[in-house]
Amino acid sequence: LDFPLNLWDLSLWLAASSILLLVTSEVLLELIGRDRARLDRMRVRNAGIAVAILFLVTIALRILETVY
Amino acid sequence: MRSQNPSVSRALVILPLSVVGLVAVSVFFYLRLDAIVHTELYRFELEFSYEWAEKYWANSWLILYSLAGVALVNFVSAMYMLARYRARNVQRPWVAAILLVIGICAAAACVAFFNRLESIVHGDLYRFSLQFSEEWAIPYWVNARLFLGLIVLLVAVDCASLVYIVKIWSIKNIAREKVVAWLLLLAGGGILFLAWTYGSSISAFAGLGFVLWGLVMLYAGSKRYVEESMLTTLIFPSLANLDRLLEDLDCRGKAFFLPPEFLSDFEACRVYISVEKSGGPPKPEHIRGNENRMLLKEPSGVIVEPPGAELTMLLEKRLGTRFTRVDLQFLQRELPRAFVERLQLAKNMQIDVERSRIRVTIEDFSLMGMYEKISSLARVYSQIGSPVASAIGCALAKSSGELVSFENEVVSQRGRNLTIDYRIRSALEEK
């Protein structure tokens, strides 16, 4: 059995997820109130950046695949 | 538990028992469907062969075992919660939660086995001469849809029970975010497994999303929160003692936050308060070597560790530096970031420096609750300021390398904003 997603699909998903995480980190506290937020805003932002880096890695892999 | 919220506790017994009932009804529909395959289909030229029969029976038994598993864990969960209900406590509700998660996984496995069985009926059996006819297909589909609908319903009921358990779960021992995170990870893992099995890319995206958010919640939701009133309760007695000390010593002068130049230990935080109301700033030679004593004879005053000293150190830790190694511009730029982004204490913070005057404005400050009580401590509040004001005062003295006097601290009328004024030493000397 093969996994139903290829590298391109994962790349797209990583891009969308990183945007979602970064937007969440920016609007989370304003939306639900700083006193009630149970997520650490900085950590959500770090997670968003980590996912964005993974997206860039997939792009780099794609470029390498095209070049070689 | 009964006395506090009887409807929730009863629900945790009734919901799993209703799942047992749903399993019984779904088994009824499944047996009807099985009867169609083993009787009706032979009328439509199906030829018996062990080749398809063994695969069919294997999946059929797996479906029945999965359903038995769902019924068993839900029954045990209901009995467990009934025992807890009678004992009037909600200790270890995670036992019931784990049982329900196992039940949901068993139901998911049941759906997977049923899909394999459907592929045998709608695929393999045509190779054994089966002729399609709506006469057998419609009753088959009706029973299959009813069976699957009931499975979805019982999973929904189990999920509702889990939500109830998380709702009543005490946050003393475990953070709710962790429970939600693990549920997301489990659900994500299950969906990914099904996506892998059936090659469904949409399910794979959904499963990856669940797993990602589960991991984010585990990573970002690991802080423990306490009520704001706890903070006031904990710090108030020490502030009250300091207030009585200043009252007894009749210290009427301004508070000066001491820069490293005045101290033997550069990283220490100290504040000097003169006994005389018009007392000026001290000289470094008067303080150095005496900073660990409380009473100072020449000039007459007291040296204390300000209430916000630990907060200053926490801010240094969060910024990854020492305030003695940075300048005022760095503090002006980075301290608001530490307050707003790292500690999430305020919506906005601004430090304005105008010659010798420094004004710190904090908008929508999270810890405003403590001001109501602290403001009753006249000496501390008017001379040193709140713990936050003294923490910022220490940071200003360390980074500027000069004496900083506390001038004023004002809470806005709406009670959410804070304005703190300081002055640095050079201006005091000119005066």
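All figures in this text were calculated on a predicted structure; none of them were measured in a lab. Residue numbers start from 1 in every chain, and the chains themselves are labelled A, B, ... in the order their sequence lines are given, proteins ahead of strands.
Environment of CZ in Phe205(B): crowded, with over 12 heavy atoms of neighbouring residues, nucleotides or ligands closer than 6.0 Å. Atom OH of Tyr371(B) has more than 12 heavy atoms from other residues, nucleotides or ligands within 6.0 Å. Within a 6.0 Å sphere centred on CZ of Arg116(B), heavy atoms belonging to other residues, nucleotides or ligands number 12 at most.
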Worksheet item: Going through the checks in order, is the side-chain contact (heavy atoms from CB on, under 4.5 Å) test met by Val44(A) and Tyr219(B)?
Response: CA-CA 8 Å; Val44(A) 176; Tyr219(B) 171 63; over 6 Å; no

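What you find for Pro4(A) and Ser200(B) is that their closest heavy atoms are CG-O, 3.6 Å.
Between chain A and the options Leu215(B), Val216(B), Ile202(B), heavy-atom pairs under 4.5 Å are most frequent for Val216(B).
Both the backbone and the side chain of Ser201(B) come within contact range of chain A, with heavy atoms under 4.5 Å apart.
Atoms CE and CZ, on Met217(B) and Arg43(A) in that order, are 13.5 Å from each other to the nearest 0.5 Å. Taken to the nearest 0.5 Å, the CH2 atom of Trp213(B) stands 6.5 Å off from the CG atom of Leu20(A).
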